[in-house]
Amino acid sequence: MKITNVGLNQINPYKRNQQQVEKTQQTTKTTADQLEISSAAKSMQTKSPVEVEQAERVAAIKADIDAGTYKVDAKKLASNILDYYRIK
């Protein structure tokens with residue numbers, strides 16, 4: 001049996017593996033991640049007037065609670081609870 005260095009047997013498997021690794025590194029270097037934010041998402045980042053009004057109302061209630069001046073109208077609260085759970 002004669003062994004010769006002709007053909008594919010001549011390529012070193014380690015070198016071939018290293019070449020494949022280098023090739024994948026080159027392809028990954030050329031690609032870059034990109035992020036685009038749609039106009040709908042940009043509009044969602046800003047607060048709506050309703051959210052601003054609610055935040056102000058909550059801040060005012062928190063200030064009243066901290067100061068000890070917040071009073072709850074029990075009749076109005078009960079009426080609102082009944083309206084919420086009432087089946088129409």
Given I65, D64, V58, the one that forms side-chain contact (heavy atoms from CB on, under 4.5 Å) with K62
V58
Just jot down the side-chain contact (heavy atoms from CB on, under 4.5 Å) partners of S38, sequence neighbours excluded, or say none.
A40, A41
First locate atom CG of D73, then atom CG of N80, and finally report the distance between them rounded to the nearest 0.5 Å.
9.0 Å
Which distance, rounded to the nearest 0.5 Å, do you find between the CD1 of I61 and the CZ of R57?
5.0 Å
Starting at CD1 of I37, measure out to CD of Q45 and round the result to the nearest 0.5 Å.
5.5 Å
Rounded distance [0.5 Å steps], NZ in K47 versus CD in E53
13.5 Å
Is there a path of hydrophobic side-chain contacts, each under 4.5 Å between heavy atoms, that joins V72 and Y84?
yes
Could you tell me whether the side chain of I81 reaches within less than 4.5 Å of the side chain of L77, counting heavy atoms only?
yes
side-chain contact (heavy atoms from CB on, under 4.5 Å) with Q20: which residues, sequence neighbours excluded?
R16, N17
Ignoring hydrogens and angles, tell me if any N or O in the side chain of E51 forms a donor-acceptor pair with the backbone of S48 under 3.5 Å.
yes
